[in-house]
Structure formats: structure tokens, C-alpha cells
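Keep in mind that what you see is a predicted model, and the values were worked out from it rather than measured.
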Amino acid sequence: MQKKDHTGFFLKGWWKDLLHGKIYKELDQSGKMVLLIEILTMSSDVGDKLLVFSQSIPTLDLIERFLSTMPLLGK
């Protein structure tokens, strides 16, 4: 259950109850990440290159983690 303070706003860290263990590191838990990996795979298949931008270093780290587990294609 999401906890709120006396003003009705969610308390800091309200989301921690939603994530059990390392679920945030699982690819299928993020629709955007699934789509990104699909775009990267399709681009690689036709020989295109992509440049991915993010305002978040942890997000780029997570993308790097997923990509490091994928087999290299076309090499």
C-alpha cells in the first residue's frame, strides 16, 4: 500500500514496496527498455548504428548491462 503524509502527498520511497529483490534489473519489467532493445536489434540486423541519449547515468548503466548480456551480431 502506498503511504501518504498528512497533506496527501506520497512519502519518499513509496515505490520501494513495489520492487522486490532485483526486479528492476529484469528487462521484461520495462516496456520502454524492451522497445529500445528491439530497435537496437533491428538496427543491427540491417547494419545501422544508433546513438542513445539519456539524462540519467543509471539508465545508461542499465542499458549497458542488458546489452552486455546479448550476443554480438554481425561480428
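A distance of 10.0 Å separates CD in E64 from CG in L62, rounded to the nearest 0.5 Å. Rounding to the nearest 0.5 Å gives a distance of 10.5 Å between CZ of R65 and CE of M33.
In this structure, L36 is not a member of the same hydrophobic cluster as V46, with clusters built from ILVMFWY side-chain heavy atoms closer than 4.5 Å. Grouping the Ile, Leu, Val, Met, Phe, Trp and Tyr side chains by contacts below 4.5 angstrom, directly or via other members, places L50 with L67. Cluster annotation: F66 and V52 are assigned to the same hydrophobic cluster (Ile/Leu/Val/Met/Phe/Trp/Tyr, side-chain heavy-atom contacts under 4.5 Å, transitive).
A side chain to side chain donor-acceptor pair (under 3.5 Å) check over residues 52-61, counting only residues at least two apart or in different chains, returns the pairs S56-T59.
Annotation: side-chain contact (heavy atoms from CB on, under 4.5 Å) contacts of L35 (sequence neighbours excluded): I39.
Membership of the apolar cluster around F53 extends to L51, as traced through chained side-chain contacts below 4.5 Å between ILVMFWY residues.
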